[in-house]
*Asks:* 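Below you'll find the structure I mean.
To find a chain, count down the sequence lines: A is the first, B the second, and so on, and within it residues start at 1.
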Protein chains: 2
Amino acid sequence: MSGYELAKTFDSSIGFFWKADHQQIYRELSKLRDRGHIQGHEVVQSGKPNKLVYTLTQEGRAALRHWGARPSSPPMMKDDLLVRLCALDSFDIEPLRADLMARLEHHRDRYARYERILNKLFPDGKATSVADTGKLLGLRIGLRHEQAVAEWCEEAIETLAAVAKPAPVLLLEDTSRESNG
Amino acid sequence: MSGYELAKTFDSSIGFFWKADHQQIYRELSKLRDRGHIQGHEVVQSGKPNKLVYTLTQEGRAALRHWGARPSSPPMMKDDLLVRLCALDSFDIEPLRADLMARLEHHRDRYARYERILNKLFPDGKATSVADTGKLLGLRIGLRHEQAVAEWCEEAIETLAAVAKPAPVLLLEDTSRESNG
DNA sequence: CCCGTTATTTACCGTAACGCGAAAAAGTCA
DNA sequence: TGACTTTTTCGCGTTACGGTAAATAACGGG
């Protein structure tokens, strides 16, 4: 593909778990070209400026296979929210709860989105080709992740609600002798 | 705390989802000091060189609260593995399976570790203070995440095994007339 | 007194990954 | 002409890191 096409299709494929704007894509393409991993061929177009379509070279394909055989290291889940939880008593609870509710919505949305894609691409839940198997597995981990995090958000929201206004039971036991101190 | 103490205690607290070596810690401490968010006080020690213990200033505490009230953006899960799944047909399956098995072990280990910490810190599963509530929630999302990913790893390993040697059923139906093509 | 070790901090040098804002080049359409 | 799309590029910056090593201070052993 060309850089422009990559930039446009990025969001609907890998974009779910990796961001890149067009600048970065062009930059990486340049690097790969310099290393001889890809090669650009100008494709003449009518009605538009010509585009530079890149294709993998032999060395590029070999490098890709080699990269694919390297062990991956499980990524850190760098999340502001988790840092806040580590020192929860230093923060205000209310904005955190609001944040969690936004997150809950986000993860539910994502879940629904993945589910829709799954039903569309794999109505019977089975992949036919190797490439499809990979995409199916990607969707599966996406679904699992979003569900787990969404459930946790619900739990966290409840927990924080209890923290925000603590021990209502005790207040109900005997309200006649104590005022809101 | 001092930079040295922070570096030592980092791994057993936030270190589960955020890495930082001592250099980065010292660097960040310098930045924070330059911004007036923390202040260093030399503490004389006997038997060791003196240390520089940092404490939050008024502005630092305010900045922290302010930061804590900002909405967080859900982090990307940048994972090599997911990229490989996106183009599964360009890679060799075997090293991927090996990778997945290592990952499975890793996530199971993590799960067990979190479980141990949970049982130690919260034997009854309940937090008493606000700070503890945060730590408990941190453990909970850790457990949920590790379990989800570990289960997915099992699924993925099985799926890839089926891809590696496809359709064994057909071979079993009638082995008398066909050899291993 | 030199030496090795631990604790504590700092300096210096690099890089990968990224964002911002702009602009260049080529073509269309009003 | 001017505005707008497509396609690519440039030049600037930052953040976040990693590596290696050194400086500083105190201890203890030979």
*Asks:* Flag the pair A/D80 and A/R84 as a salt bridge only when some basic side-chain nitrogen lies within less than 4.0 angstrom of an acidic carboxylate oxygen.
*Replies:*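 Salt bridge flag = yes for A/R84 with A/D80.
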
*Asks:* Looking at C/dT10, does its base get a donor-acceptor pair with the side chain of B/H22 below 3.5 Å?
*Replies:*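 Answer yes: a donor N or O sits under 3.5 Å from an acceptor.
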
*Asks:* How many Å lie between CG on A/L52 and P on C/dA25, as a whole number?
*Replies:*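 The answer, rounded to whole Å, is 15 Å.
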
*Asks:* Quickly work out the B/K31 NZ to D/dT15 P distance and round it to whole Å.
*Replies:*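 My rounded result for the distance is 6 Å.
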
*Asks:* Show your working on salt bridge (Lys or Arg N to Asp or Glu O under 4.0 Å) between B/K31 and B/E28 and close with a plain yes or no.
*Replies:* CA-CA 5 Å; B/K31 278 190 207 167; B/E28 299 301 327; 3.6 Å; yes

*Asks:* From CD of B/E28 over to C1' of D/dT14, roughly how many Å is that when rounded to an integer?
*Replies:*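 Rounded to the whole Å, the gap is 13 Å.
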
*Asks:* Establish, with yes or no, whether the OP1 or OP2 oxygen of C/dT9 is under 4.0 angstrom from a side-chain nitrogen or oxygen of B/Y26.
*Replies:*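 Affirmative; the distance criterion is met.
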
*Asks:* Looking only at heavy atoms, what is the nearest atom pair of B/G142 and A/M77, with distance?
*Replies:*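 Smallest heavy-atom distance, with atoms named: CA-CE, 4.3 Å.
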
*Asks:* Figure out the CG/C1' separation between A/D21 and D/dG13, and round it to whole Å.
*Replies:*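 Computing the A/D21:CG to D/dG13:C1' distance gives 14 Å.
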
*Asks:* By nearest atom, which of the nucleotides D/dT8, C/dG19, C/dC13 is closest to the A/R27 side chain?
*Replies:*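 Of the options given, the side chain of A/R27 lies nearest C/dG19.
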
*Asks:* Please state whether the phosphate of C/dG19, meaning OP1 or OP2, lies under 4.0 angstrom from any side-chain nitrogen or oxygen of A/Q23.
*Replies:*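 Negative; the distance criterion is not met.
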
*Asks:* Side chain of A/K78: nearest nucleotide among C/dT8, D/dC17, C/dA17?
*Replies:*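 Minimum distance to the A/K78 side chain belongs to D/dC17.
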
*Asks:* B/Y54 side chain: which of D/dT9, D/dT6, C/dT10 is closest?
*Replies:*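 The answer is C/dT10, which lies nearest to the side chain.
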
*Asks:* Within the 4.0 Å heavy-atom criterion, would you say A/S2 contacts the bases, only the backbone, or no part of the nucleic acid?
*Replies:*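 It contacts sugar-phosphate atoms only.
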
*Asks:* How long is the gap from CG on B/D132 to CG on A/L88, to the nearest 0.5 Å?
*Replies:*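 If we round to the nearest 0.5 Å, B/D132:CG and A/L88:CG are 10.0 Å apart.
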
*Asks:* Expressed as a whole number of angstroms, how long is the span from A/K48:NZ to D/dC4:P?
*Replies:*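 Interatomic distance, NZ of A/K48 to P of D/dC4: 19 Å.
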
*Asks:* Over how many whole Å does the gap from A/L6 atom CG to D/dT7 atom P extend?
*Replies:*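 A/L6 atom CG is separated from D/dT7 atom P by 12 Å.
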
*Asks:* Evaluate the ring planes of A/W67 and B/F91, with Trp represented by its six-membered ring, and classify them as parallel (under 30°), tilted (30 to 60°) or perpendicular (over 60°).
*Replies:*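 Taking B/F91 first and then A/W67, their aromatic rings sit tilted (interplane angle of 30° to 60°).
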
*Asks:* Would you mind reading off the distance between A/N50 atom CG and D/dT8 atom C1', rounded to a whole angstrom?
*Replies:*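 Going from CG in A/N50 over to C1' in D/dT8 covers 12 Å.
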
*Asks:* Specify the separation, in whole Å, of atom OH of B/Y4 and atom P of D/dT24.
*Replies:*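 From B/Y4 OH to D/dT24 P: 18 Å.
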
*Asks:* What contact category does A/Q45 fall into here, base, sugar-phosphate, or nothing, at under 4.0 angstrom with non-hydrogen atoms?
*Replies:*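 Sugar-phosphate: the residue A/Q45, judged by heavy atoms under 4.0 Å, touches backbone atoms but no base.
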
*Asks:* Between A/W18 and B/K8, which has a closest nucleotide on DNA chain C that is more 5'?
*Replies:*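 Final value for this comparison: B/K8.
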
*Asks:* Between B/P49 and A/G47, just flag the one whose closest nucleotide in DNA chain C comes earlier from the 5' side.
*Replies:*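 So the residue in question is B/P49.
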
